[in-house]
Amino acid sequence: MSIKIDGTTVIDQSRHLENITDCDAKAFAFYPSAATITSTINFTTPFMTCNMTGDTTFTVSGESEGKSAILCLDTTTDAHTPSWPDSFNWDFGVEPPSGAWAAYRKWQIHMYCHSVDRIDVSEIGFDLQSSQPTEAVGLSGTSANPVTFFDMAGSNNNDLVMGWKFDSDGNIYKYESIYNVGGQGTYLHTSTQWNNITPSQTYYIRVANHSGTKNVSTGDSDALNSWIALTSDREYRVRDSRDLLSYADENMVIKVEISTTSNGSNIVATGYYECEYSGLA
């Protein structure tokens with residue numbers, strides 16, 4: 001089907017422009033979307049990313065004269081080693097040795113295709129592996145001396161709510177309702193625990209009530225007594241809806257465990273975290 005304006009064809013059935021004069025046009029905000037790959041560099045998707053999960057031999061598809069592509073490569077903190085097609089013609093004629101690939105975590109690989117037999121390639125390394133901290137998972141507190149977070153109820157009209165948040169970014173946060181005395185919402189407790197870097201794999205958390213006068217409020221919290229993935233933020237709160245004149249000192253202690261496996265067969269950290277608060281009785 002062709003498209004006409006005032007009976008004149010401007011786009012024919014082959015989608016070609018026709019009979020267009022005295023027109024201006026402006027194009028902006030054009031950019032390629034990133035395609036995620038595992039091992040195949042595809043020249044029909046000019047911008048690619050790859051997070052390596054092991055040593056990988058890359059192949060090429062869609063190459064033809066004049067095409068170019070960029071690959072953003074993350075070898076991860078494990079410093080996986082890439083291998084490349086024979087058609088790659090490296091800058092200075094020499095592929096970086098395996099030791100060079102291990103020196104940096106992230107790479108930009110720029111490729112220009114002269115032919116299927118020759119692809120000119122240059123590489124830029126970022127983030128020295130030596131500057132990457134060694135991943136460590138840890139929690140604090142013991143059953144006798146938990147990490148303690150203290151707060152106070154603010155008024156009779158609003159519940160006291162406070163708790164601990166174990167974030168998917170590897171950090172631990174505190175939460176206190178804005179209606180508590182000096183309540184700040186969510187704020188950072190530590191960035192060195194539960195993980196000292198952004199987690200490199202999926203970890204799992206299990207939380208249980210341990211001791212205290214109060215328990216976790218299930219309506220405000222994630223599941224208790226089961227292993228759940230830390231790919232999402234996990235939060236555990238206590239809520240007290242009583243008149244603050246009816247109670248004095250209260251507390252809740254939770255036991256927190258982190259495992260590398262979904263069934264808890266490899267627990268790598270255990271800690272105890274307390275919420276302590278006071279009313280006016």
Side-chain angles (χ1 to χ4, degrees), residues 133 135-199 202-259 264 267-281:
E135 185 170 18
V137 177
L139 295 168
S140 295
T142 65
S143 58
N145 293 291
V147 179
T148 300
F149 169 26
F150 179 79
D151 211 347
M152 293 185 65
S155 72
N156 289 327
N157 298 323
N158 296 285
D159 296 352
L160 177 135
V161 186
M162 61 186 299
W164 294 93
K165 180 183 178 186
F166 300 84
D167 206 281
S168 59
D169 64 9
N171 299 332
I172 301 175
Y173 296 83
K174 295 176 179 178
Y175 172 79
E176 55 184 354
S177 168
I178 59 172
Y179 299 110
N180 298 355
V181 173
Q184 303 178 57
T186 300
Y187 58 97
L188 182 67
H189 170 65
T190 175
S191 60
T192 60
Q193 293 182 344
W194 61 273
N195 202 316
N196 65 320
I197 63 173
T198 301
T202 299
Y203 291 89
Y204 300 84
I205 189 171
R206 180 171 66 181
V207 172
N209 289 305
H210 176 68
S211 63
T213 59
K214 300 290 287 184
N215 287 330
V216 168
S217 170
T218 56
D220 299 294
S221 307
D222 284 285
L224 294 173
N225 304 312
S226 60
W227 292 104
I228 54 178
L230 270 166
T231 50
S232 297
D233 302 342
R234 303 301 181 183
E235 195 154 3
Y236 302 90
R237 298 179 181 179
V238 60
R239 176 184 292 270
D240 201 317
S241 301
R242 295 176 296 169
D243 185 324
L244 61 87
L245 297 175
S246 68
Y247 63 87
D249 296 336
E250 304 283 355
N251 77 317
M252 173 196 77
V253 179
I254 55 174
K255 179 182 180 181
V256 181
E257 299 169 288
I258 294 177
S259 172
I267 296 173
V268 291
T270 301
Y272 294 81
Y273 293 82
E274 181 180 32
C275 291
E276 183 179 355
Y277 62 96
S278 293
L280 296 178

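One-based numbering along the sequence shown.
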Which atom pairs, donor and acceptor, lie under 3.5 Å between side-chain atoms of residues 241-248 and protein residues at least two apart or in another chain?
from, atom 1, to, atom 2, distance (Å)
Ser241, OG, Asp159, OD1, 3.4
Ser241, OG, Asp159, OD2, 3.0
Arg242, NE, Asp240, OD1, 3.0
Arg242, NE, Asp240, OD2, 3.4
Arg242, NH2, Asp240, OD2, 2.8
Arg242, NH2, Glu250, OE2, 2.9
Asp243, OD1, Leu245, N, 2.8
Ser246, OG, Asp243, O, 2.6

By side-chain contact (heavy atoms from CB on, under 4.5 Å) - contacts of [X] (at least two apart):
X: Asn215; answer: Asn209
X: Thr192; answer: Thr190
X: Thr142; answer: Ala144, Asn145
X: Ser217; answer: Asp220, Arg239

By side-chain hydrogen bond (donor to acceptor under 3.5 Å, both in side chains) - contacts of Ser278 (at least two apart):
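side-chain hydrogen bond (donor to acceptor under 3.5 Å, both in side chains) list for Ser278, sorted by chain: Asp249.
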Sequence neighbours excluded, which residues qualify as side-chain hydrogen bond (donor to acceptor under 3.5 Å, both in side chains) partners of Ser221?
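Ser221: no side-chain hydrogen bond (donor to acceptor under 3.5 Å, both in side chains) contacts found.
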Determine the minimum heavy-atom distance between Asn225 and Ala208, stating which atoms define it.
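Heavy-atom minimum between the residues: OD1-CB, 3.2 Å.
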Distance-minimising heavy-atom pair for Cys275 and Gly163
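Distance-wise, the nearest heavy atoms are SG-CA, 3.6 Å.
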Pairs involving residues 204-228, ordered by first then second residue, that meet ring pair (Phe, Tyr, Trp, His ring centres under 6.0 Å) (sequence neighbours left out):
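Residue pairs with at least one partner in residues 204-228: His210-Tyr272.
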Mind jotting down which residue pairs meet the salt bridge (charged side-chain N to carboxylate O under 4.0 Å, His left out) criterion with at least one end in residues 269-278? Sequence neighbours excluded, please.
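Every candidate salt bridge (charged side-chain N to carboxylate O under 4.0 Å, His left out) pair involving residues 269-278 fails, so no pair, neighbours aside, qualifies.
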Using the salt bridge (charged side-chain N to carboxylate O under 4.0 Å, His left out) rule, collect all pairs that involve residues 163-177, keeping only residues at least two apart or in two chains.
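Salt bridge (charged side-chain N to carboxylate O under 4.0 Å, His left out) check on residues 163-177 returns Lys165-Asp167, Lys165-Asp233.
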Could you check whether any side-chain N or O of Arg234 sits under 3.5 Å from a backbone N or O of Ser168, counting only pairs where one atom can act as donor and the other as acceptor?
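No, Arg234 side chain to Ser168 backbone: no donor-acceptor pair under 3.5 Å.
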Sidechain-backbone polar pair: Asp222 side chain, Tyr236 backbone, donor-acceptor under 3.5 Å:
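Judged by distance alone, no pair lies under 3.5 Å.
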Under the ring pair (Phe, Tyr, Trp, His ring centres under 6.0 Å) test, residues paired with Phe166 that sit two or more places apart
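Here the qualifying residues are Tyr273.
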Would you please name every residue forming a ring pair (Phe, Tyr, Trp, His ring centres under 6.0 Å) with Tyr203, sequence neighbours left out?
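Trp194.
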From [atom1] ([X]) to [atom2] ([Y]), nearest 0.5 Å:
X: Asn195; Y: Ile258; atom1: CG; atom2: CD1; answer: 8.0 Å
X: Ser259; Y: Ile267; atom1: OG; atom2: CD1; answer: 6.0 Å
X: Ser191; Y: Ile197; atom1: OG; atom2: CD1; answer: 12.5 Å

Can you find a heavy atom in the side chain of Asn196 that is under 4.5 Å from one in the side chain of Glu135?
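Result yes, sub-4.5 Å side-chain heavy-atom pair found.
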Let me see the working for Leu139 and Val147 under side-chain contact (heavy atoms from CB on, under 4.5 Å), right down to the final yes or no.
CA-CA 10 Å; Leu139 295 168; Val147 179; over 6 Å; no
Determine whether more than 12 heavy atoms belonging to other residues, nucleotides or ligands lie under 6.0 Å from atom CZ of Phe150.
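Yes, CZ of Phe150 has more than 12 neighbouring heavy atoms, counting only those of other groups under 6.0 Å.
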Considering the options Phe149, Tyr175, Trp164, which one meets the ring pair (Phe, Tyr, Trp, His ring centres under 6.0 Å) requirement together with His189?
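Exactly one option meets the ring pair (Phe, Tyr, Trp, His ring centres under 6.0 Å) with His189, and it is Trp164.
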As a quick check of understanding, evaluate side-chain contact (heavy atoms from CB on, under 4.5 Å) for Lys214 and Asn251, giving each step before the final call.
CA-CA 6 Å; Lys214 300 290 287 184; Asn251 77 317; over 6 Å; no
